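First the structure, in the form of structure tokens, and then the observations on it.
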4 protein chains.
Amino acid sequence: MYLRQTRELTHQGAMVVLQGAIAKAEEMGVPQCIAIVDTGGNLLAFVRMDGAKILSQISATQKAVTAVSSRVPTGGVAQDVEIKLALATAGQLTNLKGGVPITINEQIVGAIGVGSGTGQQDVEVALAGIAALQALM
Amino acid sequence: MYLRQTRELTHQGAMVVLQGAIAKAEEMGVPQCIAIVDTGGNLLAFVRMDGAKILSQISATQKAVTAVSSRVPTGGVAQDVEIKLALATAGQLTNLKGGVPITINEQIVGAIGVGSGTGQQDVEVALAGIAALQALM
Amino acid sequence: MYLRQTRELTHQGAMVVLQGAIAKAEEMGVPQCIAIVDTGGNLLAFVRMDGAKILSQISATQKAVTAVSSRVPTGGVAQDVEIKLALATAGQLTNLKGGVPITINEQIVGAIGVGSGTGQQDVEVALAGIAALQALM
Amino acid sequence: MYLRQTRELTHQGAMVVLQGAIAKAEEMGVPQCIAIVDTGGNLLAFVRMDGAKILSQISATQKAVTAVSSRVPTGGVAQDVEIKLALATAGQLTNLKGGVPITINEQIVGAIGVGSGTGQQDVEVALAGIAALQALM
């Protein structure tokens, strides 16, 4: 009861997610910023694709941090509290779509955040990254 | 008239509030971030329970700081000014529910902020923490 | 190879370390700020004892973060790089004594940082906190 | 004369540097944080290997930014100005070893920063990353 077992992505695992997400974004023709974080919200892997918005570097990372903190995909917070939550977390909690927890055997092992496309495109790329890892497990 | 007497929570007092709040959160099965601040808004005691959102570390503390600053429970600011107040205080004033002043004999001696549950759950845990201290006075 | 098993302190475990450190500091008559972080450097538990320096809140936490990042007690970095490392990590890496990794069965599960006394006193309190947990395992 | 041609790493180019650096670090058995930036100092690619110091995430990136800014490997600034330069750039200019410009046909197209090992190990991994790209040109 003083310690608990957890599982974390290795950097190899994070690179699989990153490569899977890059491949999807290239296929869609939509350059993206893609961030992978561990369960503590620390950056594990990142890429900014040619043509992706430079400011999406920040939002992609915050989407990943938000997803791993709240344990659900980003974008589902009620409108009347989303700005309050962003302000109360020094801008770190974002309700933009594109952050998704990475789940292996029903356990969250990290999260991916994608930004520079539309919210729908960002989610699609995030899911492709996760699927690339799940296919290997 | 040049000095005034105040009463402040000791760290033992803060730990009683913290333990009371943890016990309630465990009973409810809702992991929480719990922050206790003194009347100066400085952190006295803190815990992040297993499974609580990591970003709630920041918002729980801001709830406590807001409650001790405004001297009333958080969440009662009018909607048309809540964002303006947050921005004008560098994000520190939050109108999220879950911050409650700690009152002993009608005197505010600090505040507790709770975050990671619903607003209602956060308030319930905060009140249980305060009640644990009041029961000993 | 895509995932790795780790162990983390629970909040119960963190509270044992905190209480053990408080007991030692009270016995020594030296009020302290005491921070416990997990392996990701996120705050798990904190106390500021009566009379402890308010600015030590920040340094105690950074000592814990530094210890869990570098995986050794703080204070051992060579003098010719200590300031450079602090500046290159936005002030987060500190070479002040008082941060110690929490090791259970030769595995690091978090860290404790103590500040407000002398370096030697801070280390003594940190070790007492860790010993309190190890005695229960 | 109003516009000039530049050459920049693509994200594919950055991933080649990243993979080359990871391979070297794995061969050496030294986990590293590795950051690749473009000529504007914006992050292109990043990885934090298992066991690398979490705070090296920040310093590795600053090493890359410093290298691309000054156009020479980091670590060569005179001791009497290194801290002044760090402070005058909000901590961004670092004189720690491990940042190296990425040069293709005598033109700087970005930089790599590596941190978590000794200065010498960091440089070795940085050079291996650059060599992996140069071998393909």
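On a predicted model such as this, the values are computed, not experimentally measured, just so you know. Chain letters run A, B, ... following the sequence lines, proteins first and then strands; every chain starts at 1.
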Problem - Non-neighbouring partners of A/L85 that pass side chain to side chain contact (heavy atoms under 4.5 Å, CB included), sequence neighbours left out - result: A/V77, A/V81, A/L93, B/L96

Enumerate, by atom name, each donor-acceptor pair separated by under 3.5 Å where one atom lies in chain A and the other in chain B.
{"unit_1": "A/S69", "atom_1": "OG", "unit_2": "B/I54", "atom_2": "N", "d": "3.2"}
{"unit_1": "A/S69", "atom_1": "OG", "unit_2": "B/L55", "atom_2": "N", "d": "3.1"}
{"unit_1": "A/K84", "atom_1": "NZ", "unit_2": "B/E82", "atom_2": "OE1", "d": "3.1"}
{"unit_1": "A/K84", "atom_1": "NZ", "unit_2": "B/E82", "atom_2": "OE2", "d": "3.4"}
{"unit_1": "A/A88", "atom_1": "O", "unit_2": "B/S59", "atom_2": "N", "d": "3.4"}

Problem - Minimum-distance pair of heavy atoms, taken over all atoms of B/A86 and A/L87 - result: CB-CD1, 3.6 Å

Exercise for the section: Find the one option among A/G41, A/A88, A/A90 whose heavy-atom pairs under 4.5 Å with chain B are most numerous. Expected result: A/A88

Handout entry: Neighbour count above 12 (heavy atom, 6.0 Å) for A/M1 CE
Key = no

